[in-house]
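First the structure, in the form of structure tokens, and then the observations on it.
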Amino acid sequence: MYIIIGNVGLNKPTNMTAADYYQKTYPATGAVDGIIPENGLNRHCTHLSNDYGTSVEWWTDLGDVYKIYNITVYARTDSKLHFIIGHNI
């Protein structure tokens with residue numbers, strides 16, 4: 001028997017170690033607001049850094065312990081797709 005819970009991260013508390021500019025302009029909460037943007041211009045995404053080689057982190061508190069079987073990450077569909085290359089989950 002499978003129990004499908006859905007998006008357990010939806011609207012949960014988030015944080016990130018990015019520079020202040022990114023925290024204010026592209027807040028961590030944009031990654032869990034349930035809105036899937038086509039690009040990064042509408043602030044419904046999170047943006048950690050433009051500095052390649054900079055170590056940054058993003059996380060969310062799910063509020064409980066879950067068995068996670070699938071994580072879906074949506075990347076931008078405009079000319080900035082390379083921003084996701086090299087990131088780890």
Side-chain angles (χ1 to χ4, degrees):
M1 172 190 255
Y2 292 98
I3 298 174
I4 300 173
I5 295 176
N7 185 352
V8 295
L10 186 63
N11 296 316
K12 294 294 195 300
T14 60
N15 210 334
M16 63 183 179
T17 61
D20 285 344
Y21 167 78
Y22 294 106
Q23 290 185 28
K24 292 175 184 172
T25 309
Y26 298 96
T29 55
V32 296
D33 65 5
I35 300 170
I36 302 168
E38 292 184 14
N39 59 47
L41 301 177
N42 58 14
R43 308 300 187 248
H44 293 287
C45 65
T46 191
H47 196 309
L48 298 176
S49 176
N50 277 343
D51 302 324
Y52 295 103
T54 301
S55 179
V56 293
E57 296 178 353
W58 175 95
W59 63 94
T60 186
D61 181 354
L62 300 178
D64 207 342
V65 177
Y66 296 93
K67 287 185 180 181
I68 305 293
Y69 296 99
N70 184 49
I71 296 174
T72 302
V73 176
Y74 294 95
R76 293 173 63 162
T77 58
D78 61 2
S79 63
K80 307 296 184 190
L81 183 59
H82 64 280
F83 282 173
I84 200 166
I85 296 171
H87 288 79
N88 298 310
I89 296 175

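- Residues W59 and M16 share a closest heavy-atom pair of CZ3-CA, 4.0 Å.
- For the atom pair L62 CG and L10 CG, the distance stands at 11.0 Å (nearest 0.5 Å).
- Contact record, A28 with W58: O-NE1, 3.1 Å, taken as the closest heavy-atom pair.
- Under the side chain to side chain donor-acceptor pair (under 3.5 Å) criterion, the residue pairs touching residues 60-71 are N70-T72, with sequence neighbours excluded.
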